[in-house]
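For reference, the structure is listed below as C-alpha cells.
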There are 2 protein chains.
Amino acid sequence: MRYKITIEYDGTNYNGWQRQNGNNSIQGAIEQALKQLSCEDIEVCGCGRTDAGVHAMGQVAHFDMQKELPIHTIISGTNFYLRMQHLSRFSVQKQDISILDCSIVDNTFHARFSAKQRYYRYLILNQKQPSALECDRMWYVYKELDLDSMITATQYLRGFRDWSCFRASSCQAGSPIKTIDNAQLRREENKIIFEINAKSFLHHMVRNIVGTLVDVGTHKTTLDDFQRIIDSKDRTKAGMTAPAHGLYFVKAVY
Amino acid sequence: MRYKITIEYDGTNYNGWQRQNGNNSIQGAIEQALKQLSCEDIEVCGCGRTDAGVHAMGQVAHFDMQKELPIHTIISGTNFYLRMQHLSRFSVQKQDISILDCSIVDNTFHARFSAKQRYYRYLILNQKQPSALECDRMWYVYKELDLDSMITATQYLRGFRDWSCFRASSCQAGSPIKTIDNAQLRREENKIIFEINAKSFLHHMVRNIVGTLVDVGTHKTTLDDFQRIIDSKDRTKAGMTAPAHGLYFVKAVY
C-alpha cells in the first residue's frame, strides 16, 4: 500500500531533508519512526529536498508499507516515535517533526515527480533589534528596507526563462530554465513575507532571490540592476544566499 | 543613572524571570551581560516575574548603572553578551533574550511598582495533530473547542473582585482581590488567542483561567459552572493550570 503524508517541521536541529550516511536528516528521522511502527525498512520519498535549517509547513512525501494499519495509528504512532527520538537526542520531549496528515494513494503517485506546483515562503524580520522569539524562524535584517522597490523587483520574477543568476553551483537540475508562476512580497508590521511558487526550483533559488531582493531594499542594487542580473544569467552578479532559517516549504499541489 | 529596558525572550531554556541561587534565570542572564558590559554589579528589577517556560514580547525592567554609555551601546552590547552566554551554554549562537529598547528614566521609576497595567497573551493551538513549528509557543489542544462558549465565559472575567479560584497556593500577593480591566478571546485559523490586562495578577492566575476556559470549550464545565467557580473562591473547583509555554508577557503600561 502506498501512503502520502503531509509533514510540518522545524529544521533548526536537522541537516536538511535528505538522508545521507549517518547525518541527522528529516527523511531519516521519519524512516526510523516508521520502522519502529511497522518493523519494516521503509523508504520515504519527499517532494522538496530542503536544506539544513529550512522549515516546512506542509512538506509532502510518500512511502510503501506492507503492514496494514489504520490511518490514525500511522499518524499518531509516527508522531509518538518522532517525539521519542527527540527525547533521546536532546533529553527534552518535543515534536519538531510532525505528521499532519496521511492518506492512501495510488501506486502511480510520486511525491517528487507528480508535483505540479511547489510553494515556498521566506520570512524577513526587519527591525532595529533582533527578536528572541523569531530568531530561528526569520532572517533578521536591521537595515531599513525600501519595500516599494522590493515589490517592484518581485514583479520581474515571473515566467518561463533561464534563471541561472539564482542557481547554486551545486545545482543538479538538468536545465536552468524554469517557470515561476507567481511571486509576491508584502509587509506585515516588522515582518516581510515573500511567497513564490513554481513546478520546480533550482538549488538555493529562493534564498538567492531573497538575498538579491534585500540588496534592492537597501538600494545596493537598483531596479535596473535587478533586471540586468536576471538577464546576465550570471550567479556572481546576484546577491548573497539568504539564510536557511527564514525559508519554509509551504505546500505542494498534485 | 536609572535605565528602563524592554525585553523579548523565549522562555524555553530558562527557569523563569527571577534569579535564585544558581538557577538559570532571565534576570540573571541580563545582569551577567550588563556586568560584562559595565564591569559593575547591577541588579535588574523586572515588571513581571514570569515562571519557567513563559515568554515575553515586551517585559520591562529597570536598573541603575554608574558608567555612562550611549543608549545604543547598552542595547547592542547587552545583546552581544547575551548571545555569547547562549553560545557558551549550548554551542549555538542564538539570541533567545533580546533587549529591544532602552531609555533613561527618573530615579522614581520602578519597573514593578510603577506599572499601571500588565498585558498578557495566551496562545492555544487547536488542531488534530501537534505542530512542529509552534510546539514551544502554544498549548496544543487536540479536542474540539466550542469557541462561542469560551468567548461568553471570557466576559465573566472582568472587574474588581476576589479571584481566589484562579490563585496558586504558592501566591504571595497580599490580597486575592484584583481588578481585571479587560479579557478577550478570539480564533484565527487553528490558533485561539486569549488576551487579558490588569494592574497586577495573582500567581498562575492567567494560566489557571485558561485551563478553566478550555474546560468550558470541551463542555466539561458549563457557563453556569464557570460563574459558580468564580463565586466559590475555591481553587480546587477551577481547571488545570495551562502549560507555561503558551503564555506571553506582552507589555506594561506606566
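The sequence lines fix the lettering, A, B, ..., with proteins before strands; numbering per chain opens at 1. Heavy atoms only: backbone and side chains are in, while hydrogens, waters and symmetry mates are out.
- A 4.5 Å side-chain heavy-atom check between A:Gln129 and B:Asp101 finds every atom pair outside the cut-off.
- Note that CZ of A:Arg137 and CZ of B:Arg137 are 6.0 Å apart. Values are rounded to the nearest 0.5 Å.
- Within 6.0 Å of the OH atom in B:Tyr254, the count of heavy atoms belonging to other residues, nucleotides or ligands exceeds 12.
- Neither the backbone nor the side chain of A:Tyr140 comes within contact range of chain B; no heavy atoms are under 4.5 Å apart.
- Heavy-atom contacts from other residues, nucleotides or ligands closer than 6.0 Å to CD of A:Gln20 number more than 12.
- With hydrogens and angles disregarded, no donor-acceptor distance shorter than 3.5 Å links the side chain of B:Ser98 to the backbone of A:Ala132.
- Residue-environment remark: CD (A:Glu144) stays at or below the threshold of 12 foreign heavy atoms within 6.0 Å.
- Looking only at heavy-atom pairs under 4.5 Å with chain A, the residue among B:Asp96, B:Leu82, B:Ile7 that has the most is B:Asp96.
- Taking SG of A:Cys135 as the start and CD of B:Gln93 as the end, the distance is 10.0 Å to the nearest 0.5 Å.
- Against chain A, no residue from residues 32-39 of chain B qualifies, as none has a non-hydrogen atom under 4.5 angstrom away.
- At most 12 non-hydrogen atoms from other residues, nucleotides or ligands lie less than 6.0 angstrom from OH of A:Tyr142.
- Smallest separation of non-hydrogen atoms from B:Glu134 and A:Glu8: N-OE2, 4.2 Å.
- If you measure heavy-atom distances from A:Leu100 to chain B, the contacts under 4.5 Å come from both the backbone and the side chain.
- Proximity of A:Tyr9 to B:Leu133: side-chain heavy atoms (C-beta onward) are nowhere separated by under 4.5 Å.
- Judged purely by atom type and a 3.5 angstrom limit, A:Gln95 has no side-chain atom pairing as donor or acceptor with the backbone of B:Ser131.
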